[in-house]
There are 2 protein chains.
Amino acid sequence: MTDGAEDDTGGRKRLGVREIAKRVGVAPMTVSRALSNPEMVSPETRARILEAIEQAGFVPNRLASSMKGNGRMIGTVVPPLINSGIADQVQGMSDECHESGYSMLLVQGEFTQEAEERAIRNLLGWRPAGMILQSFVQSEAARALLANSSAPVVEISEIKGRKPIDMVVGISNFETAYAMTMHLAAKGYKRIGFVSTPIHGNDRLQQRRTGYHAALTELGIPNHDNMEVEVPITAQGGAEALVTLTSRHKDIDAIFFSSDTLAIGAVQECHRRGWAVPGRIAIAGYGDMDLAAQLFPPLTTVKVNRYEMGRRAVRQLLARLGGNAKVPTITSLGFEIVDRESA
Amino acid sequence: MTDGAEDDTGGRKRLGVREIAKRVGVAPMTVSRALSNPEMVSPETRARILEAIEQAGFVPNRLASSMKGNGRMIGTVVPPLINSGIADQVQGMSDECHESGYSMLLVQGEFTQEAEERAIRNLLGWRPAGMILQSFVQSEAARALLANSSAPVVEISEIKGRKPIDMVVGISNFETAYAMTMHLAAKGYKRIGFVSTPIHGNDRLQQRRTGYHAALTELGIPNHDNMEVEVPITAQGGAEALVTLTSRHKDIDAIFFSSDTLAIGAVQECHRRGWAVPGRIAIAGYGDMDLAAQLFPPLTTVKVNRYEMGRRAVRQLLARLGGNAKVPTITSLGFEIVDRESA
DNA sequence: AACGCTTATGGTTCCGGTACCATTTTTGTT
DNA sequence: AACAAAAATGGTACCGGAACCATAAGCGTT
């Protein structure tokens, strides 16, 4: 074929620092420096090198740099993005990464211990400079893999309880749920239900439920197990949970959902039935997603700044990589009970 | 420190195929083969090698393989995840990637030409086996970079119009918007407004608007520019657009939103004002997100299978990488007008 | 003019898996 | 038994930056 070549430069030579160096008439090392330590190269030489690079359309091979230990890649494991508000976090991580010249390797999913191990093994194969783990069930094997690798680890998770692998960024899910339950009680609700997505293996949810229980206990309200329901993380799940709980307990007056998505679904179901919110039943969510404030009626919810959480996780990792030994092990972000009209 | 070593294996030797080979008493090459071409190694040798690998906690360095051209990484560029339904697509891409042993490098953002070029350059530095681009403004520089790299490219985008770089997976945004507008007209609506997020530089939105225009023209309804509004992609944006359009045009009877998020925000605003939907005004969305079906009233919308779109994009890339020359250049996914009660 | 010190540049080797080719062992055929 | 063909394994070089050390040039000081 005729090789739609652009200009005369195009002998089909392998394009690398060596080739650029040859064209400019310097050593490969000088080209390398012009890219990663510009101040070590004289302005004139640098200009000529950059010009040649531009001209040749040369893109430095980051795999090669990485092999020399200068990797600028971060491996991340996150829960499914759909409906969970995780998208905000990923955006935060992504933004922070790219502002610092790092690339983000992403694995997402709901994992069994075995799948989790595979996912982490895959990521570690790329020898990332650091890892950020979010949906992490903590198999022993995975812990060992991470320990063997030299990569610092930030977990985005519950900040209480379980011993962290390395660093943790997150909130106290216990506190948030405790606070919301107390808040509902303070507003006069006495029979408060709790709805979440499947709790098994998810310590964030476990902590929230425990916070809910603790508040009830403190309030002198007995914990009835059948005031709790688990449903899939969909609006329909929320609607179904509402139906289940209200038909089980005629006198239930408030429901605390572990996710805004569920709460919003429940509010829609109330509209369908012509139930006033919070007249017939009060509804509270978790996450303060964009729609929460705009919902009719506006949703009372727990506000967590997920975007910031993502950014912080990356920043913490980079701080550690930057040699700052004084990086805190645990960073706790605040939360806020946003009292709107749904409860 | 005391080096909490586990077992005797742990002389602090660099861990690589060479080290494993030494321990097993074979050549490095044989270890490599045991991992990537198991059938080329006798079952007994293989077993001993795998055992040693397991025992040592060895994770093969994928950077090194990649440098020999066996890269299993895909670079992706997607629009912001928040509120846009893109999350489904990313999930689809991620799932398909991991099922095939590929890793996914993710960049997300709303790009200027310059930022886009930087993002693509960053990704190409990793020498990905392929690229999937979604928010792509098509600077000349970026095109050149991609052409220079040997990576096949799949664009997830409008399938009409602009010349594709390589392969395209997507829908005809024109068709979808045309169909929805016609659908609204068929239901008797005569004054149909159009609301989208900022259109500039987004050819998917441009195509939708053009489809809307085409339908109006065919219906003999004049296009009034002030029947169109652009707002940010938030529920609040949708609410504001509703207010703007209805106060501008007392007789407007339907609004077609370019995103479910906007439409849902508008429906909430209607509730707030006590307006019946579709009695006072009909509302249609785009995307069929989870909540659409559960909304009160259920949202009429354009259903696009974004998850599948993500999967297809990856599959198409892998098919090409698998040497299948007969991979189609353009894959068009279907869509569906979901007629519910909001319009 | 001679010395020390900074700055600019070059040469070589390595990171770790694997392509390529060479060599040995096993199996099958007449 | 003799030889072809297949299967299993080994040795070496390479991908492309960059660390490390060596060398050369520039410049101020006594």
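All chains are named by letter (A, B, ...) in the order of the sequence lines, taking the proteins before the strands, and each is independently numbered beginning at 1.
- Side-chain nitrogen and oxygen atoms of S65(B) include none within less than 4.0 Å of the OP1 or OP2 phosphate oxygen of dG16(C).
- Minimum heavy-atom separation, K163(B) to R143(B): O-NH2, 3.4 Å.
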Worksheet item: Once each nucleotide of nucleotides 19-28 of chain C is scored for protein heavy atoms under 4.0 Å, what B/S/- sequence comes out, 5' to 3'?
Response: BB--------
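- Taking each heavy atom of P80(B) and Q91(A) in turn, the nearest pair found is CA-OE1, 3.4 Å.
- Taking the side chain as every heavy atom from C-beta outward, T76(B) and M131(B) never approach each other to under 4.5 Å.
- P79(A) approaches R204(A) most closely through the heavy-atom pair CG-NH2, 3.9 Å.
- As rounded to whole Å, 13 Å separates atom P of dT18(C) from atom CG of L63(A).
- Nucleic acid contact class of V31(B) (heavy atoms, under 4.0 Å, all strands): none.
- With the nearest nucleotide of DNA chain C identified for both E39(A) and G16(B), E39(A) has the one nearer the 5' end.
- Look at CZ on R14(B): it is 13 Å from P on dC14(C), rounded to the nearest Å.
- Between E308(A) and R312(A) a salt bridge is recorded (basic side-chain N to carboxylate O distance below 4.0 Å).
- Between F58(A) and V17(A) there is a side-chain heavy-atom pair separated by less than 4.5 Å.
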Shorter than 3.5 Å, N or O on both sides, protein versus nucleotides 4-7 of chain C: list them out with atom names.
none

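- Taking 4.0 angstrom as the limit, S32(B) places a side-chain polar atom (N or O) nearer than this to OP1 or OP2 of dT18(C).
- Counting 5' to 3', DNA chain D first comes under 4.0 angstrom of a heavy atom of chain B and last does so at the ends given by dA8(D) to dG16(D).
- Of all non-hydrogen atoms in L146(B) and L133(B), the two that sit nearest each other are CD1-CD1, 3.6 Å.
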Practice prompt. Apply salt bridge (charged side-chain N to carboxylate O under 4.0 Å, His left out) to the pair R23(A) and E19(A), showing each step before the final yes or no.
Written response: CA-CA 6 Å; R23(A) 294 189 192 178; E19(A) 175 61 19; 2.9 Å; yes
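- Within the nucleic acid shown, T45(B) comes within 4.0 Å of sugar-phosphate atoms alone, with no base atom in reach, counting heavy atoms only.
- Nearest heavy-atom pair, S103(B) versus L105(A), reported as atom, atom and distance to 0.1 Å: CB-CD1, 4.0 Å.
- Heavy-atom neighbours of E99(A) CD from other residues, nucleotides or ligands within 6.0 Å: above the threshold of 12.
- In this structure, the side chain to side chain donor-acceptor pair (under 3.5 Å) partners of Q134(B), at least two apart in sequence or on a different chain, are Q89(B).
- Listed nucleotides: dT9(C), dG10(C), dG17(C). Nearest to the side chain of F58(B): dG17(C).
- Contact annotation for R18(B): base contact, defined as any heavy-atom pair under 4.0 Å involving a base atom.
- Across all strands, S36(B) comes closer than 4.0 Å only to sugar-phosphate atoms, never to a base (heavy-atom distances).
- Under 4.0 Å is where a charged nitrogen must lie from a carboxylate oxygen, and between E39(A) and R46(A) no such pair does.
- Going from atom CD of E96(B) over to atom CZ of R315(B) covers 4.5 Å, rounded to the nearest 0.5 Å.
- In terms of the side chain to side chain donor-acceptor pair (under 3.5 Å) criterion, E51(B) has no residue partners (sequence neighbours excluded).
- Between the axis at the start and the axis at the end of the helix from dA1(C)-dT30(D) to dT30(C)-dA1(D) there is an angle of 30°, using five pairs per end and rounding to 10 degrees.
- Residue M67(B) contributes atom CE, which lies 10 Å from atom C1' of dG17(C) at whole-angstrom precision.
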